[in-house]
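In this chain, residues are counted from 1 in sequence order. Worth knowing before you read on, the calculation uses all heavy atoms, side chains too, and leaves out hydrogens, waters and symmetry mates. Remember, it's a predicted structure, so these values are computed and weren't measured experimentally.
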Amino acid sequence: QVQLVESGGGLVQAGGSLRLSCAASERTFSNYAMGWFRQPPGKEREFVATVSRGGGSTSYADSVKGRFTISREHAKNTVFLQMNSLKPEDTAVYYCAARRGTTIARIPSEYDYWGQGTQVTVSS
């Protein structure tokens, strides 16, 4: 069982930056591909970014490409989401997820473990 704990959310003005962190309890962290998803108010959960087990492969939603960067640090069992040039439409609860397997994925059902989420609010 992998436990995931997100942190780093908060309130920021449009154009600002935030860095989200997701700490995993599992010592075999490197066995999991990791992803970030978000759920805007009144909407369904949507894909944001994913990184492969080794960190060499990433994928981003078109809406965040060029502004967000996903990375992972195995020594700390942590995955990060650096968010720059934030827009009001980025406002959402952001979730970290872990996926067993060798490939990255963009669909929530492909992930096995989820954190509880962290709120990101971008004011205009």
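- Residues Tyr95 and Val79 do not share a hydrophobic cluster, defined by chaining ILVMFWY side chains whose heavy atoms lie under 4.5 Å apart.
- Taking 4.5 Å as the limit, some side-chain heavy atom of Arg67 sits within range of a side-chain heavy atom of Asp90.
- A 4.5 Å side-chain heavy-atom check between Pro108 and Glu44 finds every atom pair outside the cut-off.
- Residues Thr118 and Leu20 form a side-chain contact, since some pair of their non-hydrogen atoms from C-beta on lies under 4.5 Å apart.
- Here the side chains of Ile104 and Met34 are not in contact, with every heavy-atom distance at 4.5 Å or above.
- Geometrically, Arg99 does not engage Tyr32 in a cation-pi contact, judged by NZ or CZ lying under 6.0 Å from the ring centre and within 45° of the ring axis.
- Here the side chain of His74 pairs no donor or acceptor atom with the backbone of Gly55 at under 3.5 angstrom.
- Taking the six-membered ring for Trp and thresholds of 30 and 60 degrees, Trp114 and Phe37 have ring planes inclined between 30 and 60 degrees apart.
- At least one donor-acceptor pair under 3.5 Å links the side chain of Thr78 to the backbone N or O of Lys76.
- At a threshold of 4.5 Å between side-chain heavy atoms, the hydrophobic network of Ile, Leu, Val, Met, Phe, Trp and Tyr places Val64 and Val93 in two separate groups.
- With hydrogens and angles ignored, the 3.5 Å screen pairs a side-chain donor or acceptor of Asp112 with a backbone N or O of Arg100.
- A cation-pi geometry, defined here as NZ or CZ lying under 6.0 Å from the six-membered ring centre and within 45° of its normal, holds between Arg72 and Phe29.
- The six-membered or imidazole ring of Trp36 lies away from that of Phe68, with a centre-to-centre distance of 6.0 Å or more.
- The shortest heavy-atom contact between Ala14 and Ser124 is CB-CA, 4.4 Å.
- Side chain to side chain, Tyr111 and Thr50 meet the donor-acceptor criterion of an N or O pair below 3.5 Å.
- Thr121 meets the side chain to side chain contact (heavy atoms under 4.5 Å, CB included) test with Leu11, Thr91, Gln119; sequence neighbours excluded.
- Relative to the ring axis of Phe80, Arg19 places its NZ or CZ within 45° and under 6.0 Å from the centre.
- Atoms CD and OG, from Gln1 and Ser25 in turn, are 8.0 Å apart once rounded to the nearest 0.5 Å.
- Between the side chains of Arg106 and Ser59, at least one donor-acceptor pair of N or O atoms lies under 3.5 Å.
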Steps toward side-chain contact (heavy atoms from CB on, under 4.5 Å) verdict (Arg38, Ser63)
CA-CA 12 Å; Arg38 67 187 182 186; Ser63 59; 3.5 Å; yes
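- Arg53 places a side-chain heavy atom less than 4.5 Å from the side chain of Thr102.
- Salt bridge status for Asp62 with Lys65: present, with a side-chain N to carboxylate O gap under 4.0 Å.
- Glu6 places a side-chain N or O within donor-acceptor distance of the main-chain N or O of Cys96, the cut-off being under 3.5 Å.
- The aromatic ring centres of Tyr60 and Phe47 sit 6.0 Å or more apart.
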Run the side-chain contact (heavy atoms from CB on, under 4.5 Å) test on Val51 and Ser71 for me, step by step, so that the C-alpha distance in whole Å, both residues' side-chain angles and the decisive distance to 0.1 Å come before the verdict.
CA-CA 7 Å; Val51 60; Ser71 61; over 6 Å; no
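- Of all the heavy atoms in Val2 and Ala24, the pair that sits closest is CG1-CB, 4.4 Å.
- Atom OG1 of Thr69 is separated from atom CG of Asn84 by 6.5 Å, given to the nearest 0.5 angstrom.
- Applying the 6.0 Å contact sphere to CD of Glu73 captures more than 12 heavy atoms from other residues, nucleotides or ligands.
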Show, in sequence, the C-alpha distance, side-chain angles and deciding distance for Gln82 and Ser17, and conclude whether the side-chain contact (heavy atoms from CB on, under 4.5 Å) test is met.
CA-CA 8 Å; Gln82 178 67 43; Ser17 298; 4.0 Å; yes
